[in-house]
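Quick notes on the structure that follows.
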Number of protein chains: 2
Amino acid sequence: MPAATDKTSARRPKGELARERLKAAAVAVLERVGYHQLRIKDVTAEAGVAAGLFHHYYSDLQSLVEEILDEYIAEFEATGHIERDVSKGDWFNRLRSHYEVAVCKHAEHPGIMNCISQFCADDPAFRARWQASYNRRLQLLADVFPYVFPHSELAAHEVRLMVHALSGIGQDVLRERYIERNPDLLSLQLSEAELAEWLAALFYRGLFARNPPQGQLNHARKILSLTR
Amino acid sequence: MPAATDKTSARRPKGELARERLKAAAVAVLERVGYHQLRIKDVTAEAGVAAGLFHHYYSDLQSLVEEILDEYIAEFEATGHIERDVSKGDWFNRLRSHYEVAVCKHAEHPGIMNCISQFCADDPAFRARWQASYNRRLQLLADVFPYVFPHSELAAHEVRLMVHALSGIGQDVLRERYIERNPDLLSLQLSEAELAEWLAALFYRGLFARNPPQGQLNHARKILSLTR
DNA sequence: ATTGATCTTGAATCCAAATTCAATAATAAT
DNA sequence: ATTATTATTGAATTTGGATTCAAGATCAAT
């Protein structure tokens, strides 16, 4: 009897393969029709197997999607360590590298990024994990706050509010551009690096109340003209 | 024969009343269990009527929810004209008043604000309307950009990108605090006015690359200590 | 080459929820 | 008071899809 959620439900190479094919098929269908339209029979059809096989490997759609998203998040976190390239006090490039990851993820897998937020709404446990992952990244910035602003009068939770609020910069833009494909945002033909730089520059201004160092701007130099 | 989507399906005061009661019931259930868990029988039960009556007034749940959200958005837009209180060049208070509306809406009706974003995912036509409403508000700021920054070198679509990106400030915070009730953000006991001021101050910094005028800060004065 | 396990199929079944509808009650019009 | 219209009920039906399962195919082991 198959305890379908259990990974060991595939006990042979062939089984493992089928499992993977189901997963890949689900990703494909996900990108095509979105999470809310995802149906088991679509996944099995895409994978070229009988409908019944699904339940041999997964108990339900949720557990399959959960597995997909968890793997994606893990990959996301690994990429997150691009920060290591950045020299210690170089805040602008640190922000930029974070945004580069975010932009790339949206560009590569808009369907999955969208799925993450939709799945969060249905599965509190997953939501907690995703949020924890997000918080870990925010905390990287919150932790160094005292060094960045020696004269800061903010309490720890005020720092978190601030970082959290600023982190919203660009979230909606990324969703609109890559997920919803809003023509308004597609019209300006920015490369991913350019977009990341714009967003990093805005974050920098919000964080430091000044412009980023001119020398580090490659694409968004125009933003320096916004002062009075 | 009832063309149920048609508003005239209620042809007597009593009918109109029942319609309204269904709508109110749906809002209540929505706030309680969320859009994805919303069921017709829950709505009718909440309204204290038979299940079948639902289809006398609405063709399906979507059209009921759509009606609720459209009305809410209309109300939202009306409130948006708080701007009129603000004197011409007073950018900080203009931002603040926008944030006050946003914060209040989230505080009053977290379930509906959440529903809006979920409904957008399922109904492209509604999504277009919501986005148009959102864009109208963004455009208020984009339109005055040339006056705010006479030396701006940005093209119109770059201005829109910038305004759009900055408008993300706080969106996630509002969702986390009022919709998800994230303890991390509930722990700091900010009033709605205080939160709005913090967010406005951050937006102001991103927009102008400087701090808001000290005299206009009532609650978030600490933010001035963040400079180097 | 026989055995027992795993893999695969697809039709049959189940299920939750939407939807219909015939019957009854309330209301307005004359 | 009669009639026509609208409002309301709730049991019966339909729907869309998940889930089960008996039966056959494949495979590894001995």
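Residue numbers begin at 1 in each chain, while the letters A, B, ... track the order of the sequences. Remember, predicted model here, so these are calculated numbers, not experimental data.
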Nearest to the side chain of [X], which nucleotide is it out of [options]?
X: B:Lys14; options: D:dT19, D:dT9, C:dT27; value: C:dT27
X: A:Asp60; options: D:dT19, C:dT20, C:dG10; value: D:dT19
X: A:His56; options: C:dT20, C:dC7, D:dA18; value: C:dC7
X: B:Arg12; options: D:dC27, C:dG10, D:dT6; value: D:dT6

Integer-rounded Å distance: [N] [atom2] and [X] [atom1]:
X: B:Arg19; N: D:dT8; atom1: CZ; atom2: P; result: 12 Å
X: B:Leu17; N: C:dT27; atom1: CG; atom2: P; result: 12 Å
X: A:Phe54; N: D:dG17; atom1: CZ; atom2: C1'; result: 13 Å
X: B:Glu16; N: C:dA28; atom1: CD; atom2: P; result: 14 Å
X: B:His55; N: D:dT9; atom1: NE2; atom2: C1'; result: 14 Å

B:Leu61 or B:Leu53, whichever maps to the more 5' nucleotide of DNA chain C: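 Final value for this comparison: B:Leu61.
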Taking only heavy atoms on the protein side, list every residue of residues 36-46 of chain B lying under 4.0 Å from any atom of DNA chain C, sorted numerically.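 B:Arg39, B:Ile40, B:Lys41, in order of number.
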Would B:Gln131 and B:Arg127 count as a side-chain hydrogen bond (donor to acceptor under 3.5 Å, both in side chains) if you check the C-alpha gap in whole Å, the side-chain angles of each, and the deciding distance to 0.1 Å? CA-CA 6 Å; B:Gln131 204 200 313; B:Arg127 192 187 168 274; 2.9 Å; yes
Charged N-O contact under 4.0 Å between B:Glu192 and B:Arg177: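 No.
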Should the pair A:Arg205 and A:Trp198 be classed as cation-pi, given the thresholds of under 6.0 Å to the six-membered ring centre and 45° from the axis?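 Negative - A:Arg205 is either too far from the ring of A:Trp198 or too far off its axis.
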Within 45° cone and under 6.0 Å: B:Lys105 NZ/CZ vs B:Tyr72 ring: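 Geometry flag: set, cation within 6.0 Å and 45°.
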My understanding is that only residues two or more places apart in sequence, or in another chain, count here; which of them pass side-chain hydrogen bond (donor to acceptor under 3.5 Å, both in side chains) with B:Arg39?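 Applying side-chain hydrogen bond (donor to acceptor under 3.5 Å, both in side chains) to B:Arg39 gives none.
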Once you measure the plane-to-plane angle for B:Phe92 and B:Tyr204, does it fall in the parallel (<30°), tilted (30-60°) or perpendicular (>60°) bin?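 Aromatic pair B:Phe92/B:Tyr204 classed perpendicular.
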